[in-house]
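Notes for the one structure printed next.
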Amino acid sequence: MALGSQSRENRMQLKHNIGTCIDTIQDKLFILSQDIWRCPELAYGEKQSHDRLVRFLSDDNLWEVESHYKLPTAVRATWGPFGGKDGDRVLNVGFLCEYDALPGIGHACGHNLIAEVGVAAALGLTGALGLVREPTDCLTPLRVTVLGTPAEEDGGGKVDLILAGAFEDMDVVFMAHPAQQDVAFLPCVSITDVTVKYHGKASHAAAYPWEGVNALDAAVLAYNSLSVLRQQLKPDWRLHGIIKHGGVKPNIIPAYTELEYYLRTPLVTDLSDLKAKAEACFRSAAMATGCQVEITYPNHTYSNILPNTTLAQLYEENGRSLGIEFVEVQNNFSGSTDFGNVSFVVPGIHPFFYIGTDALNHTEEYTAAAGAEKAQFYTLRTAKALAMTAVDVLCCPELFHKMRVEFSEAKLKQEQGPKDKDTTGSTHS
């Protein structure tokens, strides 16, 4: 517990100070967000966004900023330790930022706002802690970390950072994602992408087609096989893809074709079953046409997000105190994020927040909304709610313990997999 068993009154004062601190720097935060929004960069290439975050965080000499942290476009900034005694274990709370964009349509998923939320929440929390009169009264030293994580849209920068040890000393992490409504928790689903390459033999398509081995036939056969497979899949499993390369000229039998597919299941433990079914379609198409096939998984698998009811409920309580109206959403969301992998390593929360538009993510309309001044009120309100939630778990040992226990139980439950449902007594027509 970072600040001792703070009374409710003291916690409320800290939360009030968080709001004041964020409001004080709102203009600077908007400029930061705008600078990232105006310069959309793709996964692993976010050089200017990386540099802008480094400059912003370096303006305050209380932060130790590490550029190119374990990845060329990742950033880490740390504040503290604050309070406690020498030799005590430091409690580390992390706020995550994203800043990669989408090809062709820029920040259509609002990652400029994710970066702003993470920075604002961290500065709000540290600013409020800086107003504590007697840091020596804190029982356990506290560190606040801002971690800039590249390549969420493609590649999985957070998975790279997990493998590099960036999350090993963190105790809880926070981030929030723009959407069409405010929701404390959406499960997000696991995903893996697969690239399939068929190699045949070119020949003149009219003069002597029998000399060729048609790689396009293999691709079309695989595509149709997967389409037929869908009727035998569980309702919440997803597979969808494209033919990236289908040949070069109508009168040449294609010697090479390539498909790219995304495979998604609600739980990462189910993903291997869907992969096996999809691979059977890919390989059977090669066998039927006489082609050779290559099947590769070029990027990291994204896990589903582990739920943490303790954090979600605290976030809702703090959000409502700021006027956020949460909606009940059915668990049929099919989006994916590499934060899911983080949620299996450290307790965390990944709420979604309204930005003043009904436009859908990954559209040009959402790009415009993410850069609009109207989004600032909702973005900073979300940052306040995140920082206030951090105060709750850091200042209340019971809540911190409850969060940790729930994390361990949820992780164990999902690693063991769902129990088989009892289908006895079911009727069929």
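Not measured: the values here are computed from a predicted model.
- Taking the six-membered ring for Trp and the full ring otherwise, F339 and F174 have centroids separated by 6.0 Å or more.
- Applying the salt bridge (charged side-chain N to carboxylate O under 4.0 Å, His left out) test to pairs two or more places apart or on separate chains, those with a residue in residues 291-316 are E316-R320.
- For the 3.5 Å distance criterion, the side chains of E211 and S203 fail to qualify, holding no donor opposite an acceptor.
- Applying the ring pair (Phe, Tyr, Trp, His ring centres under 6.0 Å) rule to H401 yields no partners; only residues at least two apart in sequence or on another chain are considered.
- Using a 30° and 60° split on the angle between ring planes, H107 and H111 fall in the tilted class, from 30° to 60°.
- The closest donor-acceptor contact from the side chain of T363 to the backbone of Y366 lies under 3.5 Å.
- The number of heavy-atom neighbours closer than 6.0 Å to NZ of K402, taken from other residues, nucleotides and ligands shown, is 12 or below.
- Listed for the S49 side chain is no donor-acceptor partner under 3.5 Å among the backbone atoms of E46.
- Within 6.0 Å of CD in E364 there are 12 or fewer heavy atoms belonging to other residues, nucleotides or ligands.
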Show which side-chain atoms of residues 50-57 pair as donor or acceptor with protein atoms under 3.5 Å away, not counting sequence neighbours.
unit_1, atom_1, unit_2, atom_2, d
H50, NE2, H68, N, 2.9
D51, OD2, K47, NZ, 3.1
R52, NE, D35, OD2, 2.6
R52, NH2, D35, OD2, 3.3

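- Partners of A128 under the side chain to side chain contact (heavy atoms under 4.5 Å, CB included) rule, at least two apart in sequence or in another chain, are L14, N17, I18.
- No side-chain donor-acceptor contact under 3.5 Å links Y261 to the backbone of T195.
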Passes side chain to side chain donor-acceptor pair (under 3.5 Å), E116 versus Q376? Steps please.
CA-CA 9 Å; E116 182 182 3; Q376 287 300 294; 3.0 Å; yes
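- Between the CD atom of Q313 and the CG atom of L399 there is a distance of 10.0 Å, given to the nearest 0.5 Å.
- Counting only residues at least two apart or in different chains, salt bridge (charged side-chain N to carboxylate O under 4.0 Å, His left out) contacts with residues 167-178 comprise R89-D171.
- R283 meets the side chain to side chain donor-acceptor pair (under 3.5 Å) test with no other residue; sequence neighbours excluded.
- Listed by chain and number, the residues in a side chain to side chain contact (heavy atoms under 4.5 Å, CB included) with V345 are I162, F167 (sequence neighbours excluded).
- For residues 227-248, the set of pairs meeting the ring pair (Phe, Tyr, Trp, His ring centres under 6.0 Å) definition, not counting sequence neighbours, comprises H240-Y262, H245-Y256.
- For A286, the side chain to side chain contact (heavy atoms under 4.5 Å, CB included) partners two or more places apart in sequence, or in a different chain, are Y198, V293.
- Nearest approach of N308 to P347, heavy atoms of both residues: ND2-CB, 4.3 Å.
- In this structure Q48 satisfies the side chain to side chain donor-acceptor pair (under 3.5 Å) test with no other residue, sequence neighbours excluded.
- Checked against side chain to side chain contact (heavy atoms under 4.5 Å, CB included), S272 has no partners two or more places apart in sequence or in another chain.
- Each salt bridge (charged side-chain N to carboxylate O under 4.0 Å, His left out) pair with one or both residues in residues 245-268, not counting sequence neighbours, appears once here: K244-E260.
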